[in-house]
**Student:** 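Dropping the structure in here first, questions after.
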Amino acid sequence: MRGLRPMLDIKFVRSKPEVVREALVKRGAKVSLDEFLTLEEQRRVRLMEVEQLKNLRNVVSEEIARLKKAGQNPEELVSNMRHTSLRIKQLDEQVREVEENLQQILLGIPNIPHASVPVGSSEEDNPVLRTWGEPPQFDFTPRPHWEIGESLDILDFTRGVKIAGARFTVYKGLGARLERALINYMLDLHTEKHGYQEIFPPFMVNRQCMVGTGQLPKFEEDMFHVDKTDYFLVPTAEVPVTNLFRDEILEDNQLPIKLTAYTACFRAEAGAAGRDTRGLIRQHQFNKVELVKFTRPEDSYAELERLTADAEEVLKGLGLPYRVVALCTADIGFSSAKTYDLEVWLPSFNTYREISSCSNFEDFQARRANIRYRPGPKAKPRFVHTLNGSGVAVGRTVAAILENYQQADGSVVIPEALRPYMGGVERIKG
RNA sequence: GGAGAGAUGGCUGAGAUGGUCGAAGGCGCUCGCCUGGAAAGCGAGUAGACGGGCUUAAACCUGUCUCGAGGGUUCGAAUCCCUCUCUCUCCGCCA
């Protein structure tokens, strides 16, 4: 059998359907497990039948070869096999159809949340794990970042709309410099202090990658698809970077692999109409530095904590107040088994907004993308665990800096850690 | 874009006229012998997926499929035919 890439272990689903069903309910996902189980049974029955016939064909074919070599006439066997071959062709086709149906169901089943994920019914139920820093106190009325950006002439929303459309923004002067400085600051931090290797991937990927990390087939409408090709603009560096090792078997001593990548990210934001229409919070194109890990299964949860801490370092270094929440079962992403969100303080919203999302996908993506490792020299390959997290979203960081570091005179102070990347600029003035 | 060549196991590399080819040889790797220890040498073993049997499980036994991908011819295809993808060389064009 080829091409059947279960997102969940088929044998696991088969033997413990209640566990899967319960997990799906917790998530609020509706998937027909019964249909899956019926199809899977069908598949096995037909597979057995066709394999038996193929065995017969192989044996008889050898016999034919033997007879021919001995100068005898195998015509009777040949004509018998003609029917068998025809039957095999039919059954093969049936198996293929069943597998296709099975695959469609399988691709639509979300990951099973880890036992430690809080059960909840909406984002309201996400517990706050820790808070860092104090929201700044202003003795004036703080302005939202889009006003600050425009008055300092470093963000141009109007022209962004003119040259592209809604949800596109032009950065100018020190605004553009700030964006670039943040990218460099984050990459340097992760490569020099946290031990990640830097990757610079393509910004477009093929369909297989999108299936591998779980964006497809379910969320195609959220993606930008390039007309006349089958390329997709990457919605996050997670896609190209995780797929780096698609269909590969890694060596045990390579693990864990820690990669960081800057990419622009492109999202159609279908279904977000009317939300966050102002400012940098929700754009069709934004920059992000991503962290991606490939680990042994037994290490992945410890690595998730460290990855989250690595992302937090970015905000600590910039002096931006934030908190960490654990996403509940209703709020975690399709592919994720467990997710922490980092939320940065935004004065104009008078609340914390997501700036990073750190997830352990366990073997969900590894199964889809077929990424394995060999635990020992002669051992059978196992699926790795994949993790990733924003480290962090650059546009939202710019928004957070403008708002949290704004001054009464309308200027914005540049966080200390960023100044070397800003050519020594300490403050953006009007 | 034009012309040509190619795609085989971890790597390399054989595979006239279709018939024990899942695939020789070499390298690498693993285990054993040898050694004070190592190297060299010798011996053995080294793909994956999906089923079935046995089992608590693994090991093991067994079947099917996979020689870039998909389709076709045939009783039977790595070998013949078609389509696609990718790689390499030369030319052209560009950042």
Side-chain angles (χ1 to χ4, degrees), chain A residues 1-16 36-103 105-106 200 202-212 226 228-232 240 243-255 297-298 363 366-384:
Chain A
M1 185 186 68
R2 286 147 288 163
L4 193 65
R5 292 259 174 78
M7 290 24 350
L8 299 172
D9 187 342
I10 284 188
K11 286 172 199 153
F12 178 75
V13 180
R14 207 159 66 196
S15 60
K16 300 234 170 69
F36 165 83
L37 292 169
T38 314
L39 280 172
E40 167 59 14
E41 179 61 25
Q42 266 183 45
R43 174 178 151 264
R44 273 160 60 226
V45 169
R46 281 177 206 186
L47 202 56
M48 277 192 276
E49 191 183 346
V50 74
E51 287 192 353
Q52 233 161 36
L53 287 177
K54 282 178 178 173
N55 180 233
L56 176 70
R57 183 179 68 185
N58 289 344
V59 169
V60 174
S61 284
E62 269 178 47
E63 179 63 20
I64 290 170
R66 219 185 339 266
L67 285 177
K68 274 194 156 175
K69 206 171 273 179
Q72 292 177 294
N73 187 358
E75 185 46 46
E76 195 178 332
L77 290 178
V78 170
S79 73
N80 277 344
M81 281 304 102
R82 258 192 271 275
H83 301 297
T84 307
S85 252
L86 216 64
R87 179 73 185 137
I88 287 174
K89 204 168 275 187
Q90 289 169 347
L91 282 171
D92 265 343
E93 176 62 18
Q94 284 179 23
V95 170
R96 200 191 58 74
E97 269 173 37
V98 171
E99 286 186 352
E100 208 160 275
N101 290 336
L102 219 38
Q103 181 78 322
I105 296 177
L106 243 18
F200 190 78
F203 287 11
M204 288 192 258
V205 294
N206 56 37
R207 184 170 287 274
Q208 231 180 324
C209 287
M210 299 290 274
V211 173
V226 181
K228 297 193 183 80
T229 74
D230 205 14
Y231 294 133
F232 291 85
N243 277 281
L244 240 28
F245 300 116
R246 177 155 46 91
D247 293 319
E248 291 192 30
I249 299 176
L250 303 165
E251 293 306 322
D252 183 70
N253 60 21
Q254 289 179 265
L255 301 176
E298 60 271 27
D363 64 6
R367 283 178 186 281
R368 290 186 163 229
N370 196 27
I371 308 168
R372 292 171 296 172
Y373 79 107
R374 207 179 290 280
K378 295 183 78 175
K380 272 186 69 165
R382 296 175 66 194
F383 290 110
V384 299

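In what follows, chains carry the letters A, B, and so on, assigned in the order in which the sequence lines appear, proteins first and then strands, with residues in each chain numbered from 1.
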**Student:** With rounding to whole Å, what would you report as the distance between B:G26 and B:U35 at their P atoms?
**Tutor:**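 After rounding to an integer number of Å, I get 26 Å for this pair.
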
**Student:** With a 4.0 Å cut-off on N to O distance, would you call A:Arg96 and A:Glu100 a salt bridge?
**Tutor:**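 Counted as a salt bridge, because a side-chain N and a carboxylate O are separated by less than 4.0 Å.
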
**Student:** With sequence neighbours left out, write down each residue that passes side chain to side chain contact (heavy atoms under 4.5 Å, CB included) with A:Glu63, or none if nothing qualifies.
**Tutor:**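 In terms of side chain to side chain contact (heavy atoms under 4.5 Å, CB included), with neighbours along the sequence ignored, A:Glu63 is linked to A:Arg66, A:Leu67, A:Leu77.
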
**Student:** As a test of reading the structure: which of B:G48, B:C75, B:U73 is closest to the side chain of A:Arg57, going by heavy atoms?
**Tutor:**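 Of B:G48, B:C75, B:U73, B:C75 is nearest to the side chain of A:Arg57.
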
**Student:** Consider the side chain of A:Arg372, meaning its heavy atoms from C-beta on, and name the nucleotide among B:C50, B:A49, B:C75 that approaches it most closely.
**Tutor:**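 In terms of side-chain proximity for A:Arg372, the closest of B:C50, B:A49, B:C75 is B:A49.
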
**Student:** Identify all pairs in which a protein N or O lies below 3.5 Å from an N or O of nucleotides 19-22 of chain B, and state each distance.
**Tutor:**
| residue | atom | partner | partner atom | Å |
| --- | --- | --- | --- | --- |
| B:G19 | O6 | A:Lys68 | NZ | 2.6 |
| B:G19 | N2 | A:Ser61 | O | 3.3 |

**Student:** Give me the stems containing RNA chain B, sorted by first residue, counting only three or more consecutive Watson-Crick or G-U pairs with both distances under 3.5 Å; say none if there aren't any.
**Tutor:**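 Consecutive-pair runs (3 or more) involving RNA chain B: B:1-7 with B:85-91, B:10-12 with B:25-27, B:28-33 with B:41-46, B:47-53 with B:60-66, B:68-72 with B:80-84.
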
**Student:** Of the listed nucleotides (B:C75, B:G48, B:G51), which one gets closest to any side-chain atom of A:Arg374?
**Tutor:**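 Nearest to the side-chain atoms of A:Arg374, counting from C-beta on, is B:G48.
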
**Student:** When rounded to the nearest Å, what value does the distance between P atoms of B:C84 and B:A23 take?
**Tutor:**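 Between the two P atoms, the distance is 33 Å.
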
**Student:** Return no unless some side-chain N or O of A:Arg82 is found under 4.0 Å from OP1 or OP2 of B:U74.
**Tutor:**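 It does not, given that no N or O in the side chain of A:Arg82 lies less than 4.0 Å from OP1 or OP2 of B:U74.
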
**Student:** Measuring only the P atom in each nucleotide, how far is B:C91 from B:C80? A whole number of Å is fine.
**Tutor:**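 To the nearest whole Å, 31 Å.
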
**Student:** Identify each donor-acceptor pair in which a side-chain atom of residues 81-88 of chain A lies under 3.5 Å from a protein atom, sequence neighbours left out, and give them as a table.
**Tutor:**
| residue | atom | partner | partner atom | Å |
| --- | --- | --- | --- | --- |
| A:Arg82 | NH2 | A:Glu75 | OE2 | 3.3 |
| A:Thr84 | OG1 | A:Asn80 | O | 3.4 |
| A:Arg87 | NH1 | A:Gln90 | OE1 | 3.3 |
| A:Arg87 | NH2 | A:Glu49 | OE2 | 3.3 |

**Student:** Identify the two heavy atoms, one from A:Val384 and one from A:Ala366, that lie closest to each other, and give their separation to 0.1 Å.
**Tutor:**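 It is O-CB, 3.2 Å.
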
**Student:** Residues in side chain to side chain contact (heavy atoms under 4.5 Å, CB included) with A:Glu41, at least two apart?
**Tutor:**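 For A:Glu41, the residues satisfying side chain to side chain contact (heavy atoms under 4.5 Å, CB included) (neighbours in sequence not counted) are A:Arg44, A:Val45.
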
**Student:** Rounded to whole Å, how long is the line connecting atom CD1 of A:Ile249 with atom P of B:A47?
**Tutor:**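 Checked: the CD1 to P distance equals 11 Å.
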
**Student:** Under 4.0 Å, counting only non-hydrogen atoms across every strand here, what does A:Arg96 touch: a base, just sugar-phosphate, or nothing?
**Tutor:**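 Here A:Arg96 touches no strand at all.
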
**Student:** Please state the C1' separation for the pair B:C27 and B:G70 - nearest whole angstrom.
**Tutor:**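 Approximately 34 Å lies between the C1' atom of B:C27 and that of B:G70.
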
**Student:** For the side chain of A:Met81, counting heavy atoms from C-beta on, which of B:A49, B:C75, B:U64 is nearest?
**Tutor:**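 Of B:A49, B:C75, B:U64, B:C75 is nearest to the side chain of A:Met81.
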
**Student:** Considering only NZ, NE, NH1 and NH2 on the basic side and carboxylate oxygens on the acidic side, decide whether A:Glu248 and A:Arg372 come within less than 4.0 Å.
**Tutor:**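 A:Arg372 and A:Glu248: not salt-bridged.
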
**Student:** In whole angstrom, what separates A:Lys380's NZ from B:A57's C1'?
**Tutor:**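 So the two atoms are 13 Å apart, to the nearest Å.
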
**Student:** What's the closest nucleotide to the side chain of A:Lys54 if the choices are B:C65, B:G51, B:G48?
**Tutor:**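 The closest nucleotide is B:C65.
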
**Student:** Suppose we screen for salt bridge (Lys or Arg N to Asp or Glu O under 4.0 Å). Which residues come up paired with A:Glu97, at least two apart in sequence or across chains?
**Tutor:**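 Result, salt bridge (Lys or Arg N to Asp or Glu O under 4.0 Å) vs A:Glu97: none returned.
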
